Amino acid sequence: MSIIERKFYNRSTLIVARELLGCKLVRNIDGEIIQGIIIETEAYTQEDPACHAFKGKTLRASTLFKKPGISYVYFIYGMYYCFNVVTEPEGRAGAVLIRALQPFGKLNNTNGPGKLCREMKITKELNEADLTRMDSGLWIEKGESLAENNVIVTSRIGIKLAVDYPWRFYIKNNPHVSRK
DNA sequence: GATAAGATGTTA
DNA sequence: AACATCTTATCA
């Protein structure tokens, strides 16, 4: 029930990626609430070759340098959006890609970053939305804390660069993880 | 099961 | 030309 405040995001991207597991992503579309538990994340930082901000402050990547706790939504492969949460202090780039949700209520088919954006109607209109405020229509609430042995850490998916970084986190034995 | 290819538009 | 994806087809 309690919304996560900005200072949570104003930290190392790796820590935020780990701690977002178990939290609840909530969307309000004209009064209709849809929500899911975050069960899979990936971290991307300024010094990371796979990150959009690696080459500097391009138009698209400029969002990654802004204040923590806002969203970064980008369009990919001609058909899908991906939803990230901006981390690190303002001026430093960093984001956590939300890769999969455990559906809540009538939400369905959220086992992948493109699919969950489609299901929750997350589009570029929500880029730079403030996730610490309910009036943005998209926010994140605290969840149950997870035991360390329920978190699996592996390499990231769908990238060519820096494939050896163990920067993907997901909840053990959860059936909604992407790429089973 | 595995692997390959096609859809599709923005980015640099 | 590549891309932080997903679906469908074509093997085995």
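Here is how names work: the chains are called A, B, and so on, in the same order as the sequence lines, proteins then strands, and each is numbered from 1. Predicted model only: the values in this text are computed from it and were never measured.
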Practice problem: Whole angstrom is fine here: how far is it from OH in A:Y74 over to P in C:dA4? | Solution: 6 Å

Quiz item: Does a nitrogen or oxygen in the side chain of A:R99 sit under 4.0 Å from OP1 or OP2 of C:dT5?
Solution: yes

Self-check item: Which nucleotide in C:dA4, C:dT7, B:dG9 has an atom nearest any side-chain atom of A:Y72
Solution: C:dA4

Quiz item: Less than 4.0 Å between a side-chain N and a carboxylate O, is that true for A:E40 and A:R168?
Solution: yes

Quiz prompt | B:dA7 base / A:Y77 side chain donor-acceptor hit below 3.5 Å | solution = no

Practice problem: May I ask you to decide whether A:D48 forms a salt bridge with A:R156, counting only side-chain N to carboxylate O separations under 4.0 Å? | Solution: yes

Quiz prompt | Gap between atoms CD and C1', on A:E42 and C:dT5 respectively (whole Å) | solution = 12 Å

Practice problem: Indicate, with a heavy-atom threshold strictly under 4.0 Å, whether A:G114 touches base, sugar-phosphate, or nothing. | Solution: sugar-phosphate

Self-check item: Length of the CG-C1' vector between A:N127 and B:dT11, whole Å
Solution: 14 Å

Self-check item: Distance, rounded to the nearest Å, where A:N111 contributes CG and C:dT5 contributes P
Solution: 13 Å

Exercise. Would you indicate which nucleotide in B:dA12, B:dT8, C:dT7 comes nearest to any side-chain atom of A:M79?
Key: B:dT8

Self-check item: Under-4.0 Å side-chain N/O to phosphate OP1/OP2 contact, A:K160 with C:dC3
Solution: yes

Practice problem: Could you tell me whether A:E42 and A:R99 make a salt bridge, using a distance below 4.0 angstrom between a side-chain N and a carboxylate O? | Solution: yes

Practice problem: Would you mind reading off the distance between A:I76 atom CD1 and C:dT5 atom P, rounded to a whole angstrom? | Solution: 7 Å

Self-check item: Base-pairing mate for B:dT8 - Watson-Crick or G-U, with both contacts under 3.5 Å
Solution: none

Quiz item: Is the closest basic N to carboxylate O distance between A:K106 and A:E32 below 4.0 Å?
Solution: yes

Self-check item: Phosphate OP1/OP2 of C:dA4 contacted by A:H52 side-chain N/O (<4.0 Å)
Solution: yes

Exercise. For A:N109 and for A:L161, find the nucleotide of DNA chain C with the closest heavy atom, then tell me which residue's nucleotide is more 5'.
Key: A:L161

Quiz prompt | C:dA2 and B:dA5, which share atom name P, separated by this distance in whole Å | solution = 16 Å

Quiz item: Partner of C:dA4 by Watson-Crick or G-U wobble geometry, both contacts under 3.5 Å, or none?
Solution: none

Quiz item: Considering only C:dC3, B:dA7, C:dC6, which nucleotide approaches the side chain of A:Y80 most closely?
Solution: C:dC6

Quiz item: Does A:R11 count as lying over the ring of A:F8, i.e. NZ or CZ under 6.0 Å from the six-ring centre, within 45 degrees of the axis?
Solution: yes

Quiz item: In whole angstrom, what separates A:K55's NZ from B:dT11's C1'?
Solution: 10 Å

Practice problem: Return the nearest nucleotide to the side chain of A:I159; candidates are C:dT7, C:dA4, B:dA12. | Solution: C:dA4

Quiz item: How long is the line joining NZ of A:K124 and P of B:dT11, in whole Å?
Solution: 9 Å

Quiz item: Rounded to whole angstroms, how far apart are CZ on A:F54 and P on C:dC3?
Solution: 14 Å

Exercise. Without swapping roles, check the side chain of A:R27 against the backbone of A:Q35 for a donor-acceptor pair under 3.5 Å.
Key: no

